Asker: 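The structure that follows is given in the form of structure tokens.
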Amino acid sequence: MIKLDPHGELLLQQYRELLPTLDQLAEKAYGQLVHALREQGIYVTAIEHRVKSENSLIGKLELKGSKYKIIDDVTDLVGLRVITFYTDEVDKVAAIAKTIFDIDWQESVDKRKLHQLDAFGYNSLHYICRLKEGGPRFELQMRTALQHVWSTIEHDTGYKVGAKIPNEYRRQFSRLAGMLELIDDEFSRLRFVLNDFQRQMKALVKNGQLDDVPLSASTFRNYLELHPFDRLNKLIAAVNQAEIYPVSLLPFLPLLESFGLKTLGDVQRFIDNNSEDAYQLALTQLATTDLDILSSSSAMQYLCLVHVLKQEGSCDSLKSIYDVINGESDANMALAEMLLEQAKSLPFMKH
């Protein structure tokens with residue numbers, strides 16, 4: 001059992017008296033930070049909070065208790081840790097923290113800027129904070145997920161305990177740390193590049209330069225913001241004065257790709273070339289029914305069916321579309337056979 005000197009025992013007693021306040025502080029600081037991050041739309045992988053345990057404090061006081069005059073000089077009695085996915089998000093979290101907490105800049109340190117050429121491991125951004133309304137100080141650590149992984153590895157292997165480690169192992173740690181740092185930076189760079197690509201694609205879609213935009217899940221989402229199927233949907237719904245309810249059209253993307261469509265320009269031509277025939281097919285099927293509610297995928301469904309029919313598609317090809325619409329089922333083959341029979345009288349099937 002560790003025996004503290006009288007000054008250490010005094011600090012420990014102060015800690016025990018302060019403990020209820022520390023518990024409240026941890027919860028309050030955590031709540032304020034979570035709320036602020038949500039308000040700003042910042043998604044992080046984890047937010048942790050804790051009050052330093054008595055055993056942990058005793059170990060600290062044994063090593064450097066003389067450094068502290070009063071218990072408030074121990075700045076990490078309450079600790080918060082935010083773990084982000086990307087390096088640039090650490091700075092975003094820090095910017096938010098500065099608006100909701102008072103930062104003790106003299107005690108805070110950006111350990112990311114302290115790396116030496118022979119240093120190993122990852123470091124965090126550490127702020128020493130106080131609630132705006134006052135109270136004890138607390139520590140806020142901000143680091144990326146990879147930095148957190150490295151810190152855990154360092155702790156688990158005992159690398160930072162100060163023992164003399166052979167140069168061979170020091171070199172291995174150095175190499176691994178460098179690789180992780182490179183990966184961390186590359187993930188952030190890749191995200192920036194991809195976001196920039198998405199912005200470019202969105203601008204091309206908005207400006208109608210559809211032939212310059214490759215067909216993908218993200219570009220198709222942007223394209224759908226132009227509501228390209230609305231006109232045909234309204235025409236089909238007007239057959240029975242039906243109501244249209246919204247559904248996702250993304251499940252149809254693999255079908256469009258299977259048709260050989262490569263760009264959004266191809267999709268637009270697919271709509272333009274098949275809309276009139278899709279309406280005629282819908283009219284044939286719906287005119288004798290009393291359906292008064294249709295999904296917003298109706299236009300897409302009939303466009304796909306017409307496209308397959310024009311390609312002299314088989315029942316199997318038509319069934320694959322019904323499988324997307326209704327879910328895979330043997331009953332879809334009967335629907336495909338029925339459609340093939342109905343479509344024989346339509347003008348586009350006689351060309």
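Predicted model only: the values in this text are computed from it and were never measured.
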Asker: Taking Arg137 for its side chain and Asp72 for its backbone only, find out whether a donor-acceptor pair lies under 3.5 Å.
Answerer: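 Yes; judged by distance alone, with no hydrogens or angles, the pair exists.
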Asker: Compare all side-chain heavy atoms of Arg143 with those of Thr84 and state whether any distance is below 4.5 angstrom.
Answerer: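 Not in contact.
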Asker: Assess the side chains of Thr87 and Ser188: does a donor N or O sit below 3.5 Å from an acceptor N or O?
Answerer: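 Per modelled atom types, Thr87 and Ser188 side chains form a pair under 3.5 Å.
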Asker: Tell me whether Asp272 is salt-bridged to Arg269, with the criterion being a basic N under 4.0 Å from an acidic carboxylate O.
Answerer: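 Looking at Arg269 together with Asp272, the answer is no, because their closest N to O distance does not fall below 4.0 Å.
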Asker: How many angstroms lie between CG in Leu57 and CG in Asp76, if you round to the nearest 0.5 Å?
Answerer: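 One finds 8.5 Å between CG of Leu57 and CG of Asp76.
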Asker: Verify, without hydrogens or angle tests, whether Asn326 (side chain) and Asp323 (backbone) share a donor-acceptor contact under 3.5 angstrom.
Answerer: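 No, the answer is negative, given that no donor and acceptor are paired below the 3.5 Å cut-off.
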Asker: Under 3.5 Å, which donor-acceptor pairs do the side chains of residues 247-260 form with other protein atoms, sequence neighbours left out?
Answerer:
residue: Ser248; atom: OG; partner: Leu250; partner atom: N; Å: 3.2
residue: Ser258; atom: OG; partner: Leu255; partner atom: O; Å: 2.6

Asker: Should the pair Lys310-Asp277 be classified as a salt bridge under the 4.0 Å nitrogen-to-oxygen rule?
Answerer: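 Salt bridge flag = yes for Asp277 with Lys310.
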Asker: Are there more than 12 heavy atoms of other residues, nucleotides or ligands under 6.0 Å from atom CG of Asp330?
Answerer: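 It does not: Asp330 CG has 12 such atoms or fewer within range.
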Asker: Say whether, by atom type as modelled, one donor and one acceptor occur between the side chain of Gln241 and the main chain of Ala238 under 3.5 angstrom.
Answerer: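 Side chain of Gln241 to backbone of Ala238: a pair is present.
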Asker: Is Asp102 close to Leu131 at the side-chain level, that is, under 4.5 Å between some pair of heavy atoms?
Answerer: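 Side-chain contact under 4.5 Å: no.
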Asker: Does a side-chain heavy-atom distance below 4.5 Å link Pro228 with Tyr223?
Answerer: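 Yes, side chains in contact.
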Asker: Taking side chain as C-beta onward, heavy atoms only, is Gln285 less than 4.5 Å from Tyr302?
Answerer: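 Sidechains of Tyr302 and Gln285: in contact.
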Asker: Working note: Ser216 + Thr219, criterion side chain to side chain donor-acceptor pair (under 3.5 Å); need CA distance, chi angles, decisive distance, verdict.
Answerer: CA-CA 5 Å; Ser216 68; Thr219 60; 3.1 Å; yes
Asker: Using atom types as modelled and distance alone, determine if a side-chain donor or acceptor of Ser320 lies under 3.5 Å from a backbone N or O of Ser317.
Answerer: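 Such a contact is found between Ser320 side chain and Ser317 backbone.
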Asker: Decide yes or no for Glu54 and Arg16: does some side-chain heavy atom of the first lie under 4.5 Å from some side-chain heavy atom of the second?
Answerer: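 With C-beta onward as the side chain, the pair touches.
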Asker: Report yes if some heavy atom in the side chain of Ile236 is under 4.5 Å from a heavy atom in the side chain of Leu286; otherwise report no.
Answerer: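 Yes. Closest side-chain heavy atoms under 4.5 Å.
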Asker: Tyr15 versus Leu77: any side-chain heavy-atom pair under 4.5 Å?
Answerer: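 Side-chain contact under 4.5 Å: yes.
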Asker: Checking the side chain of Asp5 only, and the main-chain atoms of Gly8 only, is there a donor and an acceptor separated by less than 3.5 Å?
Answerer: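 Checked: pair present.
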Asker: Is the side chain of Asn332 donor-acceptor paired with the backbone N or O of Gly327 at a distance under 3.5 Å, no angle test?
Answerer: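 Yes: the side chain of Asn332 pairs with the backbone of Gly327.
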Asker: Any chance the side chains of Asp212 and Thr263 put a donor and an acceptor closer than 3.5 Å?
Answerer: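 No donor-acceptor contact under 3.5 Å links the two side chains.
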Asker: Check the pair Glu107 / Arg130 against salt bridge (charged side-chain N to carboxylate O under 4.0 Å, His left out), numbers first and verdict last.
Answerer: CA-CA 12 Å; Glu107 295 286 343; Arg130 202 187 301 270; over 6 Å; no
Asker: Count the heavy atoms of every other residue, nucleotide or ligand shown that sit under 6.0 Å from NE2 of His35, and state whether that count exceeds 12.
Answerer: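 Counting neighbours around NE2 of His35, 12 or fewer heavy atoms of other residues, nucleotides or ligands fall under 6.0 Å, so no.
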Asker: Report yes if some heavy atom in the side chain of Asp316 is under 4.5 Å from a heavy atom in the side chain of Met333; otherwise report no.
Answerer: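 A side-chain contact exists here, since the closest heavy-atom pair is under 4.5 Å.
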Asker: Taking it one step at a time, do Arg189 and Glu186 satisfy salt bridge (charged side-chain N to carboxylate O under 4.0 Å, His left out)?
Answerer: CA-CA 5 Å; Arg189 188 191 68 80; Glu186 284 301 300; 3.1 Å; yes
Asker: Flag the pair Phe85 / Phe187 as yes when their ring centroid distance falls below 6.0 Å, and as no otherwise.
Answerer: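 No, the ring centres sit 6.0 Å or more apart.
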Asker: For Glu9 and Gln13, does a side-chain donor sit closer than 3.5 Å to a side-chain acceptor?
Answerer: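 Looking only at side-chain atoms, Gln13 and Glu9 do not form any donor-acceptor pair under 3.5 Å.
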Asker: If you take all heavy atoms of Ile103 and Ala97, which pair is closest and at what distance?
Answerer: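 In terms of heavy atoms, the two residues are closest at CD1-O, 4.1 Å.
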Asker: Is the side chain of Asn233 donor-acceptor paired with the backbone N or O of Ala299 at a distance under 3.5 Å, no angle test?
Answerer: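 Yes, because the side chain of Asn233 sits within donor-acceptor range (under 3.5 Å) of the backbone of Ala299.
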Asker: Any donor-acceptor pair under 3.5 Å linking the side chain of Asp104 with the backbone of Gln106?
Answerer: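 Yes; at least one donor-acceptor contact below 3.5 Å.
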Asker: Donor-acceptor pair, Glu337 side chain versus Ala334 backbone, under 3.5 Å?
Answerer: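 Absent.
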Asker: Mind telling me whether Tyr30 and His49 have parallel, tilted or perpendicular rings, with 30° and 60° as the class edges?
Answerer: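 Judged by the thresholds at 30° and 60°, the geometry between His49 and Tyr30 is parallel.
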Asker: Checking Asp73 side chain against Ile70 main chain: does a donor-acceptor pair fall under 3.5 Å?
Answerer: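 Yes, the answer is positive, given that a donor and an acceptor are paired below the 3.5 Å cut-off.
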